[in-house]
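Predicted model only: the values in this text are computed from it and were never measured. The first residue of the sequence shown is numbered 1, and numbering continues consecutively from there. Side-chain atoms are counted along with the backbone in the values below, which use heavy atoms only and exclude waters and symmetry mates.
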Amino acid sequence: MLLDLLVTFMKIGVLSIGGGYASLPYIQSIIVQEKGWLDTNTYADLLTISQMTPGPLAINSASFVGMKVGGPIGAVVATVGNVLPSLCIVLLFSMIYYKYKNLNGVQLVMKAIRPVVVALIVSVAYSLVMMLTNNERMIYQFLLLIICFIIVRMKKVNTLLIIFGAGILNMCLMYLMS
């Protein structure tokens with residue numbers, strides 16, 4: 001199990017181009033669909049906790065999945081598996097980038113990758129919104145999502161306050177509806 005965790009998160013670490021949010025669809029497909037280590041709702045809960053805790057999202061996600069699958073040692077193995085390939089790749093690319101950053105080809109590649117990363121992030125957002133539609137309380141949660149989006153985009157409020165405020169409001173709503 002631990003070797004499977006290590007290899008799985010090394011693959012995720014190698015293919016997580018674009019950062020934590022961009023890697024979420026790949027992590028979801030591996031962890032939920034391919035390996036079956038978590039169900040969709042548990043994965044959504046994991047993302048919520050990973051977003052609320054300090055640290056990079058992909059590393060937090062790896063730690064939580066590792067903990068769920070293999071206990072504390074699994075958390076360490078999954079985290080190391082997730083970080084190690086990225087660390088090696090970043091070191092290699094940073095050496096190459098600083099040596100060749102002024103070449104047109106390098107700038108062209110950087111511009112070409114950006115839309116792909118945005119598409120991956122939108123894909124995750126779409127998947128999370130679709131999970132809300134499977135819930136009978138989806139209207140309230142969807143409205144809360146829209147309100148939070150507007151507040152974050154228009155008012156520049158600290159996202160931590162939004163997360164805790166929305167969480168408390170949603171808990172109150174769910175309590176009143178139960």
Side-chain angles (χ1 to χ4, degrees), residues 1-97 109-110 113-135 141 145 148-149 152 158-164 166-168 170-171 174:
M1 179 59 76
L2 293 176
L3 182 62
D4 195 19
L5 261 175
L6 181 68
V7 171
T8 299
F9 277 97
M10 285 182 83
K11 283 186 210 172
I12 290 170
V14 166
L15 299 174
S16 295
I17 297 169
Y21 289 106
S23 67
L24 293 179
Y26 184 63
I27 294 173
Q28 181 181 6
S29 71
I30 298 290
I31 302 305
V32 175
Q33 280 116 21
E34 186 181 315
K35 299 288 183 181
W37 287 336
L38 302 176
D39 60 34
T40 305
N41 289 332
T42 305
Y43 182 74
D45 292 343
L46 179 147
L47 287 180
T48 303
I49 294 169
S50 296
Q51 183 64 39
M52 291 173 56
T53 52
L57 182 64
I59 295 171
N60 292 349
S61 299
S63 300
F64 285 118
V65 170
M67 184 71 175
K68 178 86 176 167
V69 173
I73 294 173
V76 171
V77 167
T79 302
V80 168
N82 189 262
V83 170
L84 190 60
S86 301
L87 178 67
C88 294
I89 291 169
V90 165
L91 286 174
L92 177 67
F93 279 9
S94 64
M95 289 187 311
I96 293 170
Y97 178 75
V109 168
M110 299 303 283
I113 291 173
R114 288 181 192 140
V116 174
V117 172
V118 172
L120 291 172
I121 293 170
V122 170
S123 172
V124 170
Y126 178 78
S127 296
L128 291 173
V129 168
M130 288 299 104
M131 283 188 331
L132 291 177
T133 62
N134 292 330
N135 191 326
Q141 292 176 334
L145 180 141
C148 290
F149 178 79
V152 167
N158 185 330
T159 51
L160 196 58
L161 292 175
I162 298 295
I163 290 170
F164 283 117
I168 290 170
N170 197 31
M171 283 189 320
M174 295 303 113

Working to the nearest 0.5 angstrom, can you tell me the gap between [X] [atom1] and [Y] [atom2]?
X: T40; Y: L46; atom1: OG1; atom2: CG; result: 12.0 Å
X: K68; Y: L38; atom1: NZ; atom2: CG; result: 6.5 Å
X: Q28; Y: S61; atom1: CD; atom2: OG; result: 11.0 Å
X: Q33; Y: D39; atom1: CD; atom2: CG; result: 11.5 Å
X: C88; Y: L84; atom1: SG; atom2: CG; result: 4.5 Å
X: L57; Y: L47; atom1: CG; atom2: CG; result: 6.5 Å

Practice problem: Determine whether more than 12 heavy atoms belonging to other residues, nucleotides or ligands lie under 6.0 Å from atom CD1 of I89. | Solution: yes
Using every non-hydrogen atom in the two residues, find where [X] and [Y] come nearest and quote the distance to one decimal.
X: M67; Y: P72; answer: SD-N, 3.5 Å
X: N82; Y: A62; answer: CB-CB, 3.8 Å
X: S63; Y: A75; answer: O-CB, 3.4 Å

Exercise. Mind running side-chain contact (heavy atoms from CB on, under 4.5 Å) on Y97 and S94 for me, showing each step along the way?
Key: CA-CA 5 Å; Y97 178 75; S94 64; 5.5 Å; no
Quiz prompt | Residue among I12, V7, L6 satisfying side-chain contact (heavy atoms from CB on, under 4.5 Å) with F9 | solution = I12
Exercise. Go through the steps for K35 and T8 under the test side-chain contact (heavy atoms from CB on, under 4.5 Å), then give the verdict.
Key: CA-CA 9 Å; K35 299 288 183 181; T8 299; 3.4 Å; yes
